[in-house]
J.: 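Shown below is the structure under consideration.
Here is the naming used below: chain letters follow the sequence lines, and residue numbers restart at 1 for every chain. From a predicted model like this one, the values you see are computed outputs, not experimental measurements.
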Protein chains: 2
Amino acid sequence: MYHDVLVRLEDAGVRRVRSQELARECNVRGDRVRADLSRFDRFGIVGHGYDVHVLRINLGRVLRVQTPRKAVLIGTGASAEAFLLGVAGRMVGGRSVEPFDVVAGVVQSLRVRFGVVATEPGWAQETVDALQMVGVVAVLNVSGGGVRCPSGVVVETASPMLSFKRLSFLAPRRGVRVSG
Amino acid sequence: MYHDVLVRLEDAGVRRVRSQELARECNVRGDRVRADLSRFDRFGIVGHGYDVHVLRINLGRVLRVQTPRKAVLIGTGASAEAFLLGVAGRMVGGRSVEPFDVVAGVVQSLRVRFGVVATEPGWAQETVDALQMVGVVAVLNVSGGGVRCPSGVVVETASPMLSFKRLSFLAPRRGVRVSG
DNA sequence: TAGATTGTTAATCGATTAACAATC
DNA sequence: TAGATTGTTAATCGATTAACAATC
């Protein structure tokens, strides 16, 4: 979240940022930003805030987004296309459809560690299990299906349906005030 | 999360479910499920677990997903299409492109409370602000852009880029064991 | 009655908030 | 030196876990 904002700020030519400004962009409080960042190191200059570039680089290192990561995307439908568009910011060319065994072989020999599951919902579990078998350790599940995560694997599920149910519960209701 | 699983179970014809089984599907523990559910009511039968249908209905009521909710989707690109596909489970027909003022008028007069922002990233903030002005109280932001949420509005941002950065940090690294 | 499983209470843990000393 | 802002410590809060009594 902070990293995203820092990238935006740097692109906009901003040099210096205070914890409160960063907080505002992220809908949190200034002390929360400082507490979070200081878990890793002292990135700021007391009395002056943070150097945007320096903080972006350091946070990138912490998140390990500096070094390129090989990832495999399983699925051919609209979710797959939407994911590619969302990550690359543009349409990505060059696809071919291969049997899963072939894909698994490539994943294994190239030591791919990250996976995105964009299959039909009913195939999500099987796909994650298969990816785990060939060495994938982190999976983003955008299939809409549920997944029990095998040991040794981190699974993050992103589903518009789930997000919508959460919103439906969290939406402010007239006359009801919720703390936090 | 629980509601999603219950819908799947009911579709599969399952009548009864124990907290541990529900937990397994959601990658949590049985006592967590019981603690969560009992925040709202006593849905279960001691010694026998939960009736899938009864629990689904009750949880649906809590989440307010039973009553249909009017929502407005702003945006015409692939994110918008992908969202529709993800929610409806199929392609949805019947679109027309209207000036935003017209859309705002319709939102206001139909008292639409939910919004999905699938514009280009740079327009997300402006769109959320405009929706707030015409009475929207909950927004799902799938634009890829950042949004500061105006008061009185709940914003949930879903971004593949963000999810990927999180995974990149959480992914198990050889030799490092993390608690939790 | 015996066995199973919920719902609740108490204990633990971690995350957020508040306050402020350190220091640029 | 004065003002601003970080990083840290202590206090608060809420969420998770553990244990078990209640009861179907």
J.: Rounding to an integer number of Å, can you tell me how far B:Arg32 CZ sits from D:dA18 P?
T.: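 Answer to the nearest Å: 14 Å.
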J.: To the side chain of B:Arg29, which of D:dA18, C:dT16, C:dG7 is closest?
T.: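 Looking only at heavy atoms from C-beta outward on B:Arg29, the closest nucleotide is D:dA18.
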J.: Measure from OH on A:Tyr50 to P on D:dT5 and round the result to the nearest Å.
T.: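 Going from A:Tyr50 (OH) to D:dT5 (P), I get 12 Å.
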J.: Apply side-chain hydrogen bond (donor to acceptor under 3.5 Å, both in side chains) to residues B:Glu98 and B:Ser96 and explain how you reach the verdict.
T.: CA-CA 6 Å; B:Glu98 309 283 352; B:Ser96 68; 3.1 Å; yes
J.: Which residue, A:Leu9, A:Val7, A:Val5, forms the side-chain contact (heavy atoms from CB on, under 4.5 Å) with A:Val52?
T.: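 The side-chain contact (heavy atoms from CB on, under 4.5 Å) with A:Val52 is passed solely by A:Leu9 among A:Leu9, A:Val7, A:Val5.
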J.: Would you please name every residue forming a ring-ring contact (aromatic ring centres under 6.0 Å, His included) with B:Phe43, sequence neighbours left out?
T.: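 Residues passing ring-ring contact (aromatic ring centres under 6.0 Å, His included) with B:Phe43: none at all.
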J.: Restricting to side chain to side chain donor-acceptor pair (under 3.5 Å), what partner residues turn up for B:Arg8, sequence neighbours left out?
T.: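 Result, side chain to side chain donor-acceptor pair (under 3.5 Å) vs B:Arg8: none returned.
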J.: Which ranges of DNA chain D pair up as stems, where a stem means three or more consecutive Watson-Crick or G-U pairs with both distances under 3.5 Å?
T.: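 For DNA chain D the paired stretches long enough to count as stems (3 pairs minimum) are C:3-24 with D:3-24.
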J.: Partners of A:Thr119 by side chain to side chain donor-acceptor pair (under 3.5 Å), sequence neighbours excluded?
T.: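 Testing A:Thr119 for side chain to side chain donor-acceptor pair (under 3.5 Å), a comparison that skips the adjacent residues, returns none.
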J.: Each nucleotide N or O in nucleotides 9-11 of chain D that has a protein N or O under 3.5 Å away: list the pair and distance.
T.:
none

J.: Tell me the interatomic distance from B:Leu37, atom CG, to D:dT16, atom C1', rounded to whole angstroms.
T.: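 Taking CG of B:Leu37 and C1' of D:dT16, I get 15 Å after rounding.
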J.: Is B:Arg16 salt-bridged to B:Asp51, cutoff N-O under 4.0 Å?
T.: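 No.
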J.: List for me each residue that meets side chain to side chain donor-acceptor pair (under 3.5 Å) alongside B:Ser151, sequence neighbours excluded, and say none if there are none.
T.: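 Result, side chain to side chain donor-acceptor pair (under 3.5 Å) vs B:Ser151: none returned.
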J.: My understanding is that a hydrophobic cluster links ILVMFWY residues whose side chain heavy atoms are under 4.5 Å apart, including indirect links. Using that, what else belongs to the cluster containing A:Val137?
T.: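 Answer for A:Val137: none, a lone residue.
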J.: Using the 3.5 Å cut-off, write out each protein N or O paired with an N or O of nucleotides 20-24 of chain D and the distance between them.
T.:
| unit_1 | atom_1 | unit_2 | atom_2 | d |
| --- | --- | --- | --- | --- |
| D:dC24 | O4' | B:Val46 | O | 3.3 |

J.: Please, which pairs that meet side chain to side chain donor-acceptor pair (under 3.5 Å) have at least one residue in residues 17-26 of chain B, sequence neighbours excluded?
T.: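 Residue pairs with at least one partner in residues 17-26 of chain B: A:Arg148-B:Glu25, B:Arg18-B:Glu21, B:Ser19-B:Arg34.
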J.: By nearest heavy atom, map B:Asp31 and B:Arg18 onto DNA chain C; which one lands nearer the 5' end?
T.: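 Mapping each residue to its closest nucleotide by heavy atoms, the 5'-most match is B:Arg18.
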J.: Sequence neighbours left out, what passes salt bridge (charged side-chain N to carboxylate O under 4.0 Å, His left out) with A:Arg64? Give chain and number order.
T.: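 A:Arg64 satisfies salt bridge (charged side-chain N to carboxylate O under 4.0 Å, His left out) with no residue once adjacent residues are dropped.
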J.: For A:Ser19 and D:dT6, is the shortest distance between a side-chain N/O and OP1 or OP2 below 4.0 Å?
T.: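 Affirmative; the distance criterion is met.
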J.: Is A:Arg39 near enough to C:dA15 that one of its side-chain N or O atoms lies under 4.0 angstrom from OP1 or OP2?
T.: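 It does, given that an N or O in the side chain of A:Arg39 lies less than 4.0 Å from OP1 or OP2 of C:dA15.
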J.: Whole-Å distance between D:dT6 P and A:Gln20 CD?
T.: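 In whole Å, D:dT6 P lies 8 Å from A:Gln20 CD.
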J.: Tell me the interatomic distance from A:Arg24, atom CZ, to D:dT5, atom P, rounded to whole angstroms.
T.: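 Taking CZ of A:Arg24 and P of D:dT5, I get 15 Å after rounding.
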J.: Whole angstroms only, please: what is the CG-P distance between A:Asp51 and D:dT5?
T.: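 After rounding, the reported distance stands at 16 Å.
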J.: Kindly point out which of C:dT8, C:dT16, D:dG7 is positioned nearest to the side chain of B:Ser38?
T.: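 The nucleotide sitting nearest to the side chain is C:dT8.
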J.: Linking directly or through intermediates, with side-chain heavy atoms under 4.5 Å: list the remaining ILVMFWY members grouped with A:Val72, chain and number order.
T.: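 A:Val72 clusters with A:Ile74, A:Phe100, A:Val103, A:Val106, A:Val107, A:Leu110, A:Val112, A:Val117, A:Val128, A:Leu131, A:Val134, A:Val136, A:Val139, A:Val147, A:Val153, A:Val155.
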J.: So A:Phe43, base contact, sugar-phosphate only, or nothing? Heavy-atom distance under 4.0 Å.
T.: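 Sugar-phosphate only.
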J.: Partners of A:Gln66 by side chain to side chain donor-acceptor pair (under 3.5 Å), sequence neighbours excluded?
T.: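 If we apply the side chain to side chain donor-acceptor pair (under 3.5 Å) test to A:Gln66, skipping adjacent residues, there are no hits.
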J.: Which whole-number value in Å describes the distance from B:Asn58 CG to C:dT6 P?
T.: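 Answer to the nearest Å: 16 Å.
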J.: Measure CG/A:Leu22 against C1'/D:dT5 and give the value in whole Å, please.
T.: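 Going from A:Leu22 (CG) to D:dT5 (C1'), I get 14 Å.
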